[in-house]
Structures are given as structure tokens and as C-alpha cells.
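Values below: all heavy atoms of this structure, side chains included; hydrogens, waters and symmetry mates excluded. Positions are given from 1, in the same order as the sequence printed here.
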Amino acid sequence: MQLSEYFILIFFLFLGIVVAGGAVIFGKILGPKSKETKNKFAPYECGMQTVGNARIQFKVGYYLFALLFLIFDIEALFLFPVLVHFKAIVGGETILSPVIVAIDLVVFLAILVCGLAYAWNKGILKWE
């Protein structure tokens, strides 16, 4: 392959860098200047003063809810193609061996069950 074949890729990569960099630079130059005050970095919700601590109220951080969502979202993303082609895999019509696919699924689901057990142990699934 010659360099001329990569010209369009290099051109768009350069164009993306110029546009993104230009937006950041022009934003810094032309944007309003703000002072760093104590209130600027304070938590803000709908103009109301914050009351309490979310970590203490729910006994777990919101990040654990996000991790639990990611666990099951990735599970769906991984299982969907396998289940769509399940008939072809079992019938031996693909390059994949059904035994290897089954072992892979068992290992993957075992890891997910460990994540679910961790969440259950931490009390994330408790409804109050």
C-alpha cells in the first residue's frame, strides 16, 4: 500500500484535530472569563440548598448503580449475537465450535453472577 491510499484518512484526521482544537482555543479566547469562587464549585441542584449526603442516605454510592447497569448492559450486548446465531453455532455451520461457545458463555455468565452477588452483598438491590 502506498501513502496516497491513506491520504483521505490522514486528511480527515488532521481536519478533526484542527476543528476540535480550534473550538477549544476560540472558546478560551472569546469566551467569558470567570472567577474561581467558593460557590462556583459547590453542588447545585435546581437552585435549592443541598440537604444531607446521598451516600449516607442510600448506604451505597450512585456509582454502584451505574456499575450494575453496565454489567447487565454488556451482558445483553455479548449475548445478543450469540443467541441470534445459536442455531448456526449448534448446527456446526460456523467456524466456532459449539463446545467453545458454551464454555465461553458459562465463564462470562459466572463472572456476571459474581458481580450480581457482590451487588446483593453490598445491599444495592435492597428496596427501601
Could you tabulate the donor-acceptor pairs under 3.5 Å formed by side-chain atoms of residues 67-89, not counting sequence neighbours?
none

Donor-acceptor pairs are to be reported for all side-chain atoms of residues 104-120 against protein atoms at under 3.5 Å, with residues two or more places apart or in another chain.
none

Answer whether the closest heavy-atom distance between the side chains of Tyr6 and Leu9 falls below 4.5 Å. yes

Any chance you could measure Phe26, atom CZ, to Ile29, atom CD1, to the nearest 0.5 Å? 6.5 Å

Residues two or more places apart in sequence or in another chain: which of them pass side chain to side chain contact (heavy atoms under 4.5 Å, CB included) with Ile17? Leu13

